[in-house]
Amino acid sequence: LTFDDGPGAYTESYLKILAEQDAKATFCVIGDQLADSGTWAANAAAAGHQVISHSWSHLQLTSLDAEAMRHEVADTAAAIGKYTGTETRFIRPPYGDIDEQVWLKTNGAMSVSLFWTHDSLDWEKPGVERIVQNCTNYMWPGSVILMHDGGGDRSQDLDALPQIITKWKEAGYRFVTIQELMVSDSSIKMDV
């Protein structure tokens, strides 16, 4: 499970659901929002969740010059480190938009770009049933579900999340962070 665009007004509710369901998640945070909610990040990390970058201000990374790119990536990573005590070089690029130039402009500030296999399309507010379907159709090991905890009304997600977790668990899956998922894949080098 991954959550983008937070932390937001719904993030604490997600954390409560995840705790009740014994599920771990990865939160892809926007740096300027994290600056106002650092305690949340520390609590999420302490609960076993992973906190990674979603850039400082959710700009399209492919449109930025090198200086702006370094700000978007490095400043968010620094804020995450400050509040969680952990270093991150993971990023979920806004809009999933990344190319070789983005990598080069960051001068090594990121090592993993996170994408998804299941898009909830929750930003369309399609209804709880549709969000659940988008997140549970075609299950396979290593799936990455994209949801949002910021950027608007996420009440449909709050109702959908327990159902999504239950359906995956009933199919024999468990929820781990992206770091844990990568460590479990022997084809990925440990230094990555």
Side-chain angles (χ1 to χ4, degrees), residues 1-8 10-12 14-15 17-19 23-62 64 68-99 102-103 105-120 122-123 135 142-151 154 157 161 174-185 188-192:
L1 283 167
T2 64
F3 299 97
D4 283 13
D5 297 350
Y10 295 87
T11 306
E12 289 295 336
Y14 284 144
L15 288 171
I17 292 168
L18 292 167
K24 300 299 179 223
T26 298
F27 290 87
C28 310
V29 300
I30 296 175
D32 68 352
Q33 291 176 202
L34 183 61
D36 295 332
S37 345
T39 305
W40 164 85
N43 292 341
H49 303 290
Q50 187 174 3
V51 180
I52 71 169
S53 174
H54 193 43
S55 79
W56 186 261
S57 54
H58 207 273
L59 297 175
Q60 195 159 3
L61 299 180
T62 54
L64 302 178
M69 176 75 61
R70 284 190 289 278
H71 163 67
E72 289 291 320
V73 175
D75 290 358
T76 305
I80 291 168
K82 174 183 173 184
Y83 294 115
T84 67
T86 59
E87 181 181 331
T88 185
R89 291 176 44 156
F90 286 70
I91 188 169
R92 171 165 280 154
Y95 316 104
D97 189 22
I98 194 167
D99 62 18
V102 170
W103 286 95
K105 289 176 184 176
T106 64
N107 291 330
M110 60 184 183
S111 61
V112 175
S113 178
L114 175 61
F115 291 92
W116 53 90
T117 60
H118 292 70
D119 188 344
S120 64
D122 54 0
W123 54 273
C135 295
S143 295
V144 177
I145 299 169
L146 167 63
M147 298 181 78
H148 293 83
D149 63 326
R154 300 296 172 215
D157 296 80
L161 184 58
R174 62 190 178 96
F175 292 91
V176 298
T177 66
I178 292 301
Q179 179 74 35
E180 292 169 315
L181 181 63
M182 290 179 67
V183 167
S184 73
D185 185 341
I188 300 173
K189 294 180 180 182
M190 288 306 292
D191 60 342
V192 173

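When the side chain to side chain contact (heavy atoms under 4.5 Å, CB included) test is applied to Ser184, the partners found at least two apart in sequence or on another chain are Leu181. Here Ala25 pairs with Leu1, Phe3, Leu18, Phe27, His49 under the side chain to side chain contact (heavy atoms under 4.5 Å, CB included) rule; sequence neighbours left out. In this structure Asp4 satisfies the salt bridge (Lys or Arg N to Asp or Glu O under 4.0 Å) test together with Arg92, sequence neighbours excluded. Under the ring pair (Phe, Tyr, Trp, His ring centres under 6.0 Å) criterion, Phe115 pairs with no residue at all, not counting sequence neighbours. Scored by the side-chain hydrogen bond (donor to acceptor under 3.5 Å, both in side chains) test, Thr26 finds no partners at all (sequence neighbours excluded). With sequence neighbours excluded, the residues satisfying side chain to side chain contact (heavy atoms under 4.5 Å, CB included) with Ser53 are Thr76, Ile80, Ile91.
Note that the NZ atom of Lys24 and the OG1 atom of Thr177 stand 9.5 Å from one another [nearest 0.5 Å]. For the atom pair Ser57 OG and Asp75 CG, the distance stands at 10.0 Å (nearest 0.5 Å). For the atom pair CH2 (Trp116) and OG (Ser143), the distance works out to 14.5 Å, reported to the nearest 0.5 Å. In this structure, OH on Tyr95 lies 8.0 Å from NE2 on His54, to the nearest 0.5 angstrom. One finds the SG atom of Cys28 at 7.5 Å from the CD1 atom of Ile178 (value rounded to the nearest 0.5 Å). Going from atom CZ of Arg70 over to atom OG1 of Thr106 covers 9.0 Å, rounded to the nearest 0.5 Å.
Looking only at distances, a side-chain donor or acceptor of Lys105 sits under 3.5 Å from a matching main-chain atom of Leu64. In this structure a side-chain-to-backbone donor-acceptor pair under 3.5 Å is missing from Tyr10 to His148. Under the 3.5 Å distance criterion, the side-chain polar atoms of Thr2 are matched with a main-chain donor or acceptor of Ile145.
Proximity of Trp40 to Leu34: side-chain heavy atoms (C-beta onward) are separated by under 4.5 Å at one or more points. The shortest distance between side-chain heavy atoms of Gln50 and Thr86 does not fall below 4.5 Å. Residues Thr88 and Val51 fail the side-chain proximity criterion, which asks for heavy atoms closer than 4.5 Å. Residues Gln60 and Pro94 form no side-chain contact, since every pair of their non-hydrogen atoms from C-beta on lies 4.5 Å or further apart. Within the 4.5 Å cutoff, the side chain of Pro7 has heavy atoms near those of the Val29 side chain. In this structure the side chain of Arg154 never reaches within 4.5 angstrom of the side chain of Asp149, judged on heavy atoms.
The neighbour count for Trp103 CH2, taken as heavy atoms of other residues, nucleotides or ligands under 6.0 Å away, is above 12.
When each of Met182, Arg89, Gln179 is paired with Val112, the side-chain contact (heavy atoms from CB on, under 4.5 Å) condition holds for Met182 and for no other.
Heavy-atom minimum distance, Glu72 versus Leu59: OE2-CD1, 3.5 Å. When all heavy atoms of Ile30 and Asp5 are compared, the pair lying nearest together is CD1-CA, 3.6 Å.
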>> For a side chain to side chain donor-acceptor pair (under 3.5 Å) check, start with the C-alpha distance between Thr62 and Asp97, then their side-chain angles and the critical distance, and finish with the verdict.
In response: CA-CA 7 Å; Thr62 54; Asp97 189 22; 2.4 Å; yes

